[in-house]
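Below: one structure, written as structure tokens.
Hydrogens, waters and symmetry mates play no part in the numbers below; they use all other heavy atoms, side chains included.
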Amino acid sequence: MQQLVKVLLWHFLLLQVKLNLAYTNVPANAINPDSVVLAYQNVSAPAGSEVVLQCYSQRMVWTQDRLIDRQRVAHWDSFSDHKFNRILDMFSADEQRLYNPYDQGRIMMSPSAFSSGNFSLVIKDVRATDRGIYSCHLHHHYCHLYETVNIQLNITKAARKVKRFWDGEKEVVVALLGTTVVLPCENYSPIWTERHREEEQQVVHWDRSPPGVWHDQADRLIDLYASGEQRSYGSQFIRKRMNISDTAFKDGDFSLTISNLCLGDEGLYSCDLHHHYCGIHERRIFTLIITQPVKVNITHKTPSTAVEIPNIINVFIPDHSSHFLHQLGYVLATLLLLAILITIIALITRQQRKRGLQYNVKMSQPRRTEVNLSDFVIDTTGLRPNKNEEIKFADYKNNILKEKFALSREKVELLREIPPKNLDRDVEKKYWK
């Protein structure tokens, strides 16, 4: 019994390891070890709808090699005295082009560079002006590959100082003045040493495996070749619902469109891109999950009633605790703002009331000014004493007139007591002149 339990446990562990290897960024399978998983996506869509599994690659765009010899090219540049100079170009047809005619026969590359993979630059009779940083650029226009190697060349007059070393970023070559030096640039990959053959075309595969099935046991859905040939597999029902664009290799879009989804479409989908000549082997994996279709409840008006019932669509949104927290935050922020406004209004009202209690009644009353008659000088020279006979009080009809008359007499006597103003007429005449 214990042995049976151990066997089952080991079987379960091996199954788990198998599943983990199927969903990690490792080579896709043992048959094609160069195919590497570049993307892994989870896609969910309701049943009955349409879904697009996106698979793009601009490196897989088909361009017919009409100029076979010029698809690969090597450039040598130099940087010295804060200036870039193009030294040499070499194409895959063994054609070389020097930009400085004075370097003819002194600077060159091996004529068999594109067959041997050795793109090193040979400089004869090294001069002091050859000092600088050299760059070897390899361009493969058909496969969209670009590689660069930098080398620093230093010139010395002492033979004991000749050496080669790595400074952490590039190789440094110290050459003796007047000798021959070789700046290394090597790439032995078949893509640089073999010519392109039109029969080696690109191909795209779409596979599908049901849930719980490893990718090695997946079913092939579609094969698409750069020549335009397309092969679909499976039943007629599957072929009609799954397709790729006819201009896939022109646009670099190899997305798979699945229409009228059903629960049986759920599983693991993979898009494999292969370019055997350029060495491209890429894989993108998609996990498709089919959900329940959106429920639509439509009610129509019955002939017996005149009430119009609108069309209602019920959308079920999953509950999340964060949604409640967001709403609670909005309510608390609103209450806080309202409390701040009420506090400001209360402070302003209280300050206005304090100003009203400090009102001074005395400050509002007008000021009285006392007038002193001694400050005013009145000229009484023109006044003449009244020679009329004294008016008898008996002649007035009532006491009010008597009082007025008495007050007038007192004023006249007061004016008589004020001395007259003396004016110097002679002085005034001088000023008048």
task = For side chain to side chain contact (heavy atoms under 4.5 Å, CB included), just list the numbers for Q230 and I222, CA-CA rounded to whole Å, side-chain angles, deciding distance to a tenth of an Å, and then say yes or no.
result = CA-CA 7 Å; Q230 180 174 345; I222 295 175; 3.9 Å; yes
task = Let me see the working for M90 and L121 under side chain to side chain contact (heavy atoms under 4.5 Å, CB included), right down to the final yes or no.
result = CA-CA 11 Å; M90 182 174 182; L121 183 68; over 6 Å; no
Min side-chain heavy-atom separation [X]-[Y] under 4.5 Å:
| X | Y | answer |
| --- | --- | --- |
| N260 | K240 | no |
| N154 | R131 | yes |
| D272 | E282 | no |
| L153 | I123 | yes |
| Y269 | V43 | no |
| I107 | V122 | no |
| L336 | I340 | yes |
| I258 | L288 | yes |

How many angstroms lie between [atom1] in [X] and [atom2] in [Y], if you round to the nearest 0.5 Å?
| X | Y | atom1 | atom2 | result |
| --- | --- | --- | --- | --- |
| S135 | D77 | OG | CG | 6.0 Å |
| E266 | T291 | CD | OG1 | 9.0 Å |
| D125 | D103 | CG | CG | 11.0 Å |
| T129 | I155 | OG1 | CD1 | 8.5 Å |
| N100 | R86 | CG | CZ | 14.0 Å |
| R220 | H205 | CZ | NE2 | 5.0 Å |

Does [X] have more than 12 heavy atoms from other residues, nucleotides or ligands lying within 6.0 Å of its [atom1]?
| X | atom1 | value |
| --- | --- | --- |
| D246 | CG | no |
| Y146 | OH | yes |
| Y102 | OH | no |
| D167 | CG | yes |
| K170 | NZ | yes |

Would a distance-only check, ignoring hydrogens and angles, find a side-chain to backbone donor-acceptor pair under 3.5 Å from [X] to [Y]?
| X | Y | answer |
| --- | --- | --- |
| S116 | S112 | yes |
| R284 | L38 | no |
| R208 | D219 | no |
| E147 | L138 | no |
| S255 | C55 | yes |
| N187 | S189 | yes |

task = Would you mind telling me which of F91, F114, W76 makes a ring-ring contact (aromatic ring centres under 6.0 Å, His included) with F119?
result =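 Option passing the ring-ring contact (aromatic ring centres under 6.0 Å, His included) with F119: F114.
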ask   = Which of these, F79, Y99, Y134, sits in a ring-ring contact (aromatic ring centres under 6.0 Å, His included) with F84?
value =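 Only one of F79, Y99, Y134 forms a ring-ring contact (aromatic ring centres under 6.0 Å, His included) with F84, namely F79.
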request  = Describe, in one word, how the ring planes of F249 and F254 are oriented to each other, choosing from parallel (under 30°), tilted (30 to 60°) and perpendicular (over 60°).
outcome  =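 Plane angle over 60°, so perpendicular.
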ask   = Which of these, Q96, H137, H75, sits in a side chain to side chain donor-acceptor pair (under 3.5 Å) with D89?
value =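 Going through Q96, H137, H75 one by one, the side chain to side chain donor-acceptor pair (under 3.5 Å) with D89 is satisfied by H75 alone.
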Within the 3.5 Å criterion, strictly below it, is a donor on [X] or [Y] matched to an acceptor on the partner's side chain?
| X | Y | value |
| --- | --- | --- |
| T257 | N243 | no |
| S120 | N118 | yes |
| D223 | Y233 | yes |

request  = Go through C262 and I290 one step at a time and tell me if the side chain to side chain contact (heavy atoms under 4.5 Å, CB included) criterion holds.
outcome  = CA-CA 7 Å; C262 58; I290 308 299; over 6 Å; no
query = Under the side chain to side chain contact (heavy atoms under 4.5 Å, CB included) criterion, do D130 and R106 qualify, and how do the steps go?
reply = CA-CA 12 Å; D130 294 334; R106 192 176 75 90; 2.9 Å; yes
message = Do the side chains of R231 and E229 get close enough for a salt bridge, i.e. N-O under 4.0 angstrom?
response =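 Salt bridge: yes.
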